[in-house]
Amino acid sequence: MQIIRESFFDVIQKMIGKTPKDSIMPLKRGYLSSIEMLESGIITYLCCNKPFLQILCKHFLLDENPTQDTLMDMSQELANLIIGRAKVITKQKGGNFNISTPKFLGIKLVKDYNKGLHFRLENGRCSIFMRGH
């Protein structure tokens, strides 16, 4: 989970030049995307609220009024960037894993997971949940 946390902070800082903060409050319902670490069968779920995605769209895409489709795309792309960056960090430390194509699952509730990390940025919130071995 430490590599996922490091990756999250790195991706957000590079995307928009802002630093998120750790949070103790899980966000279990929101824009939900998933991506699988193929060999291990671990599935990572990224759950963001609308304000979090709007912040990313404003600073990264220069879109102050993103459409629903743009928010869904941002959720999916963020999952890809975070787990892709975690893959690079893991490789630098001597490990390796492959990842699936990210999927947008909808505006849903996360139910079945083993671990979670939670973050906030201004009035936005985001949680990363993992399920699997």
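Around the NZ atom of K87, the shell of radius 6.0 Å holds more than 12 heavy atoms that belong to other residues, nucleotides or ligands. Open room surrounds CZ on F60; 12 or fewer heavy atoms of other groups in view lie less than 6.0 Å from it.
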Using side chain to side chain donor-acceptor pair (under 3.5 Å), reason through Q76 and S33 one step at a time and then give a plain yes or no.
CA-CA 5 Å; Q76 192 172 335; S33 291; 5.5 Å; no
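Taken to the nearest 0.5 Å, the OG atom of S75 stands 5.5 Å off from the CG atom of L53. For the atom pair CG of L38 and CG of N98, the computed distance is 6.0 Å after rounding to the nearest 0.5 Å. Atom SG of C47 is separated from atom NZ of K108 by 12.0 Å, given to the nearest 0.5 angstrom. Considering CG of L121 and OG of S23, their distance stands at 11.5 Å, rounded to 0.5 Å. Summarising the geometry, atom CD1 belonging to I55 is positioned 5.0 Å from atom CG belonging to N123; distances are rounded to the nearest 0.5 Å. One finds the CG atom of L46 at 5.0 Å from the CD1 atom of I82 (value rounded to the nearest 0.5 Å).
Following chains of ILVMFWY side-chain contacts shorter than 4.5 Å, one can reach F97 starting from F8, so the two form part of one hydrophobic cluster. Under the 4.5 Å side-chain contact rule for hydrophobic residues, V88 and L81 do not share a cluster. Grouping the Ile, Leu, Val, Met, Phe, Trp and Tyr side chains by contacts below 4.5 angstrom, directly or via other members, places I83 apart from Y113. When the side chains of ILVMFWY residues are joined at heavy-atom separations under 4.5 Å, either directly or via intervening members, I128 and L27 end up in two distinct hydrophobic clusters. Note on M15: it clusters hydrophobically with I35, by side-chain heavy-atom contacts below 4.5 Å among ILVMFWY residues.
In terms of heavy atoms, I4 sits closest to A86 at CD1-CB, 3.8 Å. Residues L117 and M1 share a closest heavy-atom pair of CG-CE, 3.2 Å. Contact between N96 and T90 at its shortest, heavy atoms only, is N-CG2, 3.7 Å. Annotation for S127 and M25: closest pair OG-O, 4.3 Å, computed over non-hydrogen atoms. Nearest heavy atom pair, residue I12 against residue P20, reads CG2-CD, 3.8 Å. C57 and L71 get closest at one heavy-atom pair: SG-CD2, 4.1 Å.
Contacts classified as side-chain hydrogen bond (donor to acceptor under 3.5 Å, both in side chains) and involving residues 43-65 (residues at least two apart or in different chains) are given here: Y45-R131.
With sequence neighbours left out, D69 forms a salt bridge (charged side-chain N to carboxylate O under 4.0 Å, His left out) with no residue at all.
Considering only heavy atoms from C-beta on, I99 comes within 4.5 Å of N80 through its side chain. Within the 4.5 Å cutoff, the side chain of I16 has heavy atoms near those of the L56 side chain.
Here the two rings, on F129 and H118, have centers that are under 6.0 Å apart. Aromatic rings of F119 and F9 (six-membered ring for Trp) have centroids within the 6.0 Å cut-off, being under it.
Ionic pairing of E122 and K18 is present here: one or more N-O contacts between side-chain nitrogen and carboxylate oxygen are shorter than 4.0 angstrom. Using a cut-off of 4.0 Å between Lys/Arg side-chain N and Asp/Glu carboxylate O, R120 and D22 are scored as not salt-bridged.
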